[in-house]
Amino acid sequence: MSTLSFESLCLKDDDCPSPTLPQGLEDEFDTDLELDEKEESNKEMSISEVYLQACKLVGVVPVSYFIRNLDSTIISLSHHGLGPLGCKALSIALVTDMHINTLELADNHIQAEGAKYLVEMLRANFTLQHLDLSNNHLQSAGAEYVAKTNSRIKELDLSHNEFCGKGGEHLGQLLANNEGLEVLDLSWNHLRMKGAVAICAGLKVNIMLKHLDLSWNGFGNEGALAMGEALKFNNTLVHLNLNNNRLTNEGVGMLCRGLEFNDTLRVLLLAYNSLTVEGALALVNVVKNTPRTALEEINICNVLVNETFVHLLERTCQEHPGLDVQFGGVGGFIAKKPPKRVDPMKVIQDYLDQRKLRLWDFFRNIDKDGTMRVPVADFRKAVQQSSIPLDRYQIEELAQRLDRDRTGMVDYRGLADTRKQMMRDHRRQLRKVESRQKKEKQKSDRILKTFQSAVEAVTPHSSMVMSLGGAKEDSSGPQHFSATPLSSWHHIVMSNSSRYSVTNLSSEHVHLPMLGGIAPYRPTSSPAMRSYSQPNLLDDSPRSAPGQSISAQGIRSDPEMVHSKLSPTANHLTRSRPALDAKQPVVKAKTKKVKKKKTMKHLDKDSKNQNVK
């Protein structure tokens, strides 16, 4: 008995009778099917397939963890060694992703180049809100790109990236211009002096940030002064971490000047700074004396306090029950400098000045014989019996200075010379104090001036402001940072045409758009490309001549495309400019013609007058 297989029971497509349709309807039906097939082919390419194709294009090994976890909203690719090119492939895949909202890329050595690709991707991605770029060697060049991060990112971790001073200036721009960032971690980034001042300047004009971590940066008292100025105006920050920033009691005092005007900050972390009881007392006093303060937690866990601080904290907590101050324990003390010993000759001179007496009058009362010399014992006894406020040690010190030769006698000349030396030393000391105070004031004024200049530099009206539609260009000049479209790469990866297929890379010379390069990619008119295109793809960057290839990584220019772009009839914006320019020579010609007519009239009048004569 013969058996029938499953395949033999199934009809093939060729064996199935097809319904007959009229010729016109059949052609129309075939066209619709072709369009549907093209749309389905574009939609069938998932994020994982785009990522794999992108890895082949840039020449990196795909990360399987990323492909396996695409269903999750949190993608953790920390410590995967992506590098700049791996970050490039990842950015290409995420251009149109609408599922992932958290991306962790810590310790991947993406450098500034990788940060550039991510920022370009973020201009088209509307889903990512949490981004971790910590420990990626971004440095100051990477900070310049990160400063262009769009306003959809809510949480950004940039710790351990060695931004230093120049990077701090770019990050100040980030704080000033970004209107969506709420949590920012800038710890361990060597932000000192100018970098710290620039960060504080950006914080002054920021209107959204709530959590800011600046720990382990070495702000110093200069940074504390700038931070105090920023806190006078900022009304959104609720959590500030300044742990281990080389702050002293003086720096805390500068910080407290800003806390007196701030009514939003709730948590202030100042652990592992060079603070003593004096700094701790200043912090509690500012809470006690500021009714509008919102401070609820102060961390100075390494500071040993004294009983005076404990009593002050108890009284403050009665007025502010929610206040929690974490300190190291009771056992600290206020470091008291030993009282400076006053020159006994200065005491005698002040005594004489108050009574309007001369030094000669003082000595004559002791010198009964008028010999201008008195024994040391008589001088010591006369000073002790007088009302001059000198103790026994000061009198003995003065007697030894007046009798240096051990003659047992004190003469008036030696007393007068000692007074002159005392006055010279006193004036010198006053000049030192004044010079020190002047330098401190100049330093504070210089920091405040730098802070004000930084505030003016980072204000949104004078710099590029990111928005949902892309970057607003400053009318004062060209942009230093232009978005070369990662969406173009994304379109190339998703394209099924033979020109951009990966299999042809080894057989023919394929021109691809260069990320961050000179020539932007001109997208075709496909629906997918229109949805992924950037607002500033066609910026004012130079383009190659028609029919010439730009570079190995660029694209071949289309002569028709260039002609259509540069033609006055291409769009209404370029069409209006030649019309305006064309009017100007016409007006000038008319003006010249009128002048010529006027001169001819004058000549005619002159000739008529001559004929009359």
Side-chain angles (χ1 to χ4, degrees), residues 42 44-72 74-128 131-133 135-138 142 145-146 149 483-496 499-506 510-517 520-521 523 528-529 532-534 537 551-555:
N42 288 335
E44 286 175 358
M45 203 164 190
S46 62
I47 299 296
S48 61
E49 293 173 335
V50 174
Y51 176 64
L52 292 174
Q53 296 289 349
C55 289
K56 291 181 180 179
L57 283 174
V58 301
V60 296
V61 178
V63 179
S64 59
Y65 179 86
F66 173 69
I67 301 174
R68 293 196 308 268
N69 292 272
L70 281 173
D71 295 335
S72 175
I74 301 176
I75 298 295
S76 179
L77 296 178
S78 301
H79 320 293
H80 276 76
L82 293 178
L85 293 180
C87 187
K88 178 180 180 179
L90 182 66
S91 301
I92 294 172
L94 294 177
V95 165
T96 56
D97 176 76
M98 300 182 66
H99 180 67
I100 300 170
N101 59 26
T102 301
L103 181 61
E104 298 176 359
L105 298 177
D107 189 24
N108 273 287
H109 208 273
I110 68 173
Q111 304 179 34
E113 183 182 356
K116 176 179 63 175
Y117 301 139
L118 285 172
V119 171
E120 293 176 5
M121 177 269 295
L122 290 174
R123 292 184 177 182
N125 186 291
F126 290 84
T127 310
L128 273 177
L131 182 60
D132 183 1
L133 297 180
N135 198 11
N136 270 295
H137 300 273
L138 301 184
Y145 294 119
V146 173
T149 304
T484 35
L486 268 170
S487 55
S488 303
W489 285 83
H490 185 87
H491 174 65
I492 291 172
V493 171
M494 295 188 66
S495 176
N496 293 325
R499 180 183 177 187
Y500 299 120
S501 60
V502 180
T503 56
N504 291 336
L505 287 177
S506 59
V510 180
H511 296 278
L512 299 175
M514 180 172 60
L515 281 172
Y521 175 68
M529 193 60 236
Y532 305 144
S533 61
Q534 303 292 330
L537 296 184
S551 64
Q553 293 179 340
I555 62 167

With heavy-atom distances below 4.5 Å as the criterion, would you say the side chains of [X] and [Y] are in contact?
X	Y	value
I100	I47	no
L131	T149	no
L90	L77	yes
L133	N108	no
V63	Y51	yes

Identify the heavy atoms of [X] and [Y] that sit nearest to each other, and give their distance.
X	Y	result
E104	S76	OE1-OG, 3.0 Å
V60	G86	CG1-N, 3.9 Å
A115	G142	CB-O, 4.4 Å
L85	E113	CD2-OE2, 4.5 Å

Would you find a donor on one side and an acceptor on the other, under 3.5 Å apart, between the side chain of D97 and the backbone of T127?
->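 No, because the side chain of D97 does not come within donor-acceptor range (under 3.5 Å) of the backbone of T127.
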Could you state the interatomic distance from [atom1] ([X]) to [atom2] ([Y]), rounded to the nearest 0.5 Å?
X	Y	atom1	atom2	result
I92	T96	CD1	OG1	11.5 Å
L94	Y117	CG	OH	15.5 Å
H99	S72	NE2	OG	6.5 Å
C55	K88	SG	NZ	11.5 Å
N136	I110	CG	CD1	4.0 Å
L103	D132	CG	CG	8.5 Å

List in chain and number order the residues that pass side-chain hydrogen bond (donor to acceptor under 3.5 Å, both in side chains) with D107, two or more places apart in sequence or in another chain; answer none if no residue qualifies.
-> H79
Name the one of K116, E120, M121 that satisfies side chain to side chain contact (heavy atoms under 4.5 Å, CB included) with L118?
->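 Result for side chain to side chain contact (heavy atoms under 4.5 Å, CB included) with L118: M121.
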Only counting residues at least two apart or in another chain, list the ones meeting ring-ring contact (aromatic ring centres under 6.0 Å, His included) with H137.
-> H109
